[in-house]
Engineer: 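Submitted below is the structure of interest, expressed as structure tokens.
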Amino acid sequence: MDTERINALICTIETGSLTAAAEKLGYTTSGISRMMAALEEETGFPLLFRSRSGVVPTEECRQLLPVMQELLLQADRYHQISGELAGLSRGTIRIGTSYYAYYNWFAGLIADFEKAYPRIDVQIIEGTSTELVAAMEEHRADLCIISRRQGSYDWIPLIKDELLACLPESHPLAKKKSFPVKAFGTEDFIELYPGKETDNSQMLRRNGVVPNVKYSTSDNYAAYAMVAAGLGVTCTNAIIGESFVQGVRYLPLSPRQPVEIGIALPKKTEMSPAARRFAEFARERS
């Protein structure tokens, strides 16, 4: 099976459009369409539902996707290992990150790495810590910067962070030394990333608190703007809260809620050569 066609199929599903996939991969739309037709002829059944609004995978395609992703992973490892045997370091590394507070550090790390290994491409994936662990387990990410989660992986600690309450400056509790976790159950609460497992949702569940959700958003800026406008309170990681200070006040939680942030990576035997090199590079600079 042609891995180039598989890559085009996965890109088409991710972007939801033959045209968008063509632009991203440097093909014409008709070229992508011919690749999809060839794949469907090879498999013997349709892989995509096409409509004016875009494309979605068929149920048969969904069942094949894990195998296809594994084929791409093994193909990339083949090229990396053959490159190493030929004295060349090449390949692709997919790195996930949950914390934009690390973007500058991350960008500098990638820039230095690409100077040392110019034939290795680095792709960035965003998501919550839980989503990125799943992506790593499914071979869609090679390593990631996350808050620690359950799972079987190696761990490079970076910092000890903590969760903070974010309140309007005019809030009656804003001048207190701490904010009781239980108060999230009574205060108007602005939920971040609704329906997803986050540091916030884990902390609330761990403390037996059902938040009094009045608003929800997947945009940190929107959440802090609502807090500053007096619409409610929210909870955030300290390293993220440092970016938003106007009109809000941050308080430690009572009891304190520590969060360990670091680099999660598969066991060494499961990593591609390129990912191993980047992990070693990151470990030296962490």
Side-chain angles (χ1 to χ4, degrees), residues 1-16 20-21 24-27 32 35-36 38-40 42-43 47-48 55-98 106 109-110 113-114 117-146 149-156 263-283:
M1 184 171 280
D2 190 329
T3 55
E4 190 173 359
R5 292 173 183 169
I6 293 174
N7 186 53
L9 171 65
I10 291 174
C11 185
T12 299
I13 293 169
E14 289 176 345
T15 59
K24 187 173 181 178
L25 297 175
Y27 292 98
I32 293 289
M35 293 169 78
M36 297 304 97
L39 264 181
E40 289 178 330
E42 183 176 344
T43 56
L47 295 170
L48 297 171
V55 298
V56 294
T58 63
E59 180 57 33
E60 292 82 3
C61 181
R62 291 182 191 278
Q63 292 183 43
L64 283 177
L65 279 176
V67 179
M68 291 180 172
Q69 289 167 337
E70 183 67 24
L71 279 172
L72 289 182
L73 174 72
Q74 296 304 330
D76 187 54
R77 286 181 175 174
Y78 166 82
H79 289 301
Q80 290 183 35
I81 293 171
S82 62
E84 284 198 328
L85 292 173
L88 302 171
S89 295
R90 60 189 181 194
T92 300
I93 309 171
R94 294 162 292 274
I95 304 173
T97 180
S98 293
F106 215 17
L109 183 64
I110 292 169
F113 182 78
E114 290 194 333
Y117 303 101
R119 294 174 64 85
I120 297 179
D121 297 325
V122 179
Q123 299 175 358
I124 303 299
I125 302 170
E126 296 180 354
T128 66
S129 295
T130 301
E131 289 172 337
L132 292 175
V133 167
M136 195 169 62
E137 291 173 345
E138 296 166 4
H139 305 304
R140 292 183 288 109
D142 292 299
L143 53 110
C144 43
I145 294 181
I146 59 172
R149 291 289 188 267
Q150 293 294 322
S152 177
Y153 53 79
D154 288 334
W155 182 253
I156 302 174
I263 302 174
L265 54 156
K267 300 297 183 181
K268 192 171 183 180
T269 55
E270 301 173 8
M271 297 180 73
S272 67
R276 278 202 305 271
R277 293 195 180 200
F278 188 89
E280 292 165 0
F281 202 81
R283 193 185 298 271

Engineer: Only one of V56, L65, V55 forms a side-chain contact (heavy atoms from CB on, under 4.5 Å) with I13, so which one is it?
Structural biologist: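 Exactly one candidate clears the test, L65.
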Engineer: Please report the closest heavy-atom contact between I93 and F278, naming both atoms and the distance.
Structural biologist: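 Heavy atoms of I93 and F278 come nearest at CD1-CB, 3.6 Å.
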Engineer: Could you tell me which non-hydrogen atom of L9 sits nearest to which non-hydrogen atom of M36, and how far apart they are?
Structural biologist: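 Heavy atoms only, the tightest pair is N-CE, 3.5 Å.
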Engineer: To check you understand the geometry: which heavy-atom pair defines the closest contact between D154 and P266, and what is its length?
Structural biologist: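 Residues D154 and P266, closest heavy atoms: OD2-O, 3.7 Å.
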Engineer: Restricting to non-hydrogen atoms, name the atom on L47 and the atom on E40 that form the minimum distance, rounded to 0.1 Å.
Structural biologist: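 Smallest interatomic distance, heavy atoms only, reads N-OE2, 2.8 Å.
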Engineer: Measure the spacing between OG1 of T130 and CZ of R149 and express it to the nearest 0.5 Å.
Structural biologist: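 Atom-to-atom, T130:OG1 and R149:CZ are 4.0 Å apart.
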Engineer: Of the non-hydrogen atoms in I145 and L132, which two are nearest, and what is the gap between them?
Structural biologist: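 Shortest heavy-atom contact: O-CD1, 4.4 Å.
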Engineer: Say you draw a straight line from CG of L73 to OG1 of T3; how long is it, rounded to the nearest 0.5 Å?
Structural biologist: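 Output value for this atom pair is 12.0 Å.
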Engineer: Considering only heavy atoms from C-beta outward, does the side chain of I146 approach that of Y153 to under 4.5 Å?
Structural biologist: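 I146 reaches Y153 side chain to side chain.
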Engineer: Quick one: does any side-chain atom of S98 pair with a main-chain N or O of S129 as donor and acceptor, under 3.5 Å?
Structural biologist: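 Yes; at least one donor-acceptor contact below 3.5 Å.
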Engineer: Hey, mind stepping through I156 and L143 against side-chain contact (heavy atoms from CB on, under 4.5 Å) and telling me if it holds?
Structural biologist: CA-CA 11 Å; I156 302 174; L143 53 110; over 6 Å; no
Engineer: Using modelled atom types only, decide if a donor and an acceptor are shared between the side chain of D142 and the backbone of I95 within a distance under 3.5 Å.
Structural biologist: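 Flag not set: sc D142 to bb I95 has no pair under 3.5 Å.
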Engineer: Rounded to the nearest 0.5 Å, how far does CG of L72 lie from CD1 of I10?
Structural biologist: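 So the gap between those two atoms works out to 4.5 Å.
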Engineer: Quick one: CZ on R5 to CG on N7, what's the gap to the nearest 0.5 Å?
Structural biologist: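 Taking CZ in R5 and CG in N7, the distance rounds to 13.0 Å.
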Engineer: Taking all heavy atoms of R140 and all of R94, pick out the closest pair and write down the distance.
Structural biologist: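 So the minimum-distance heavy-atom pair works out to O-CD, 3.5 Å.
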Engineer: Rounded to the nearest 0.5 Å, how far apart are CG of L64 and CD of E59?
Structural biologist: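 Nearest 0.5 Å value for the CG-CD distance: 10.5 Å.
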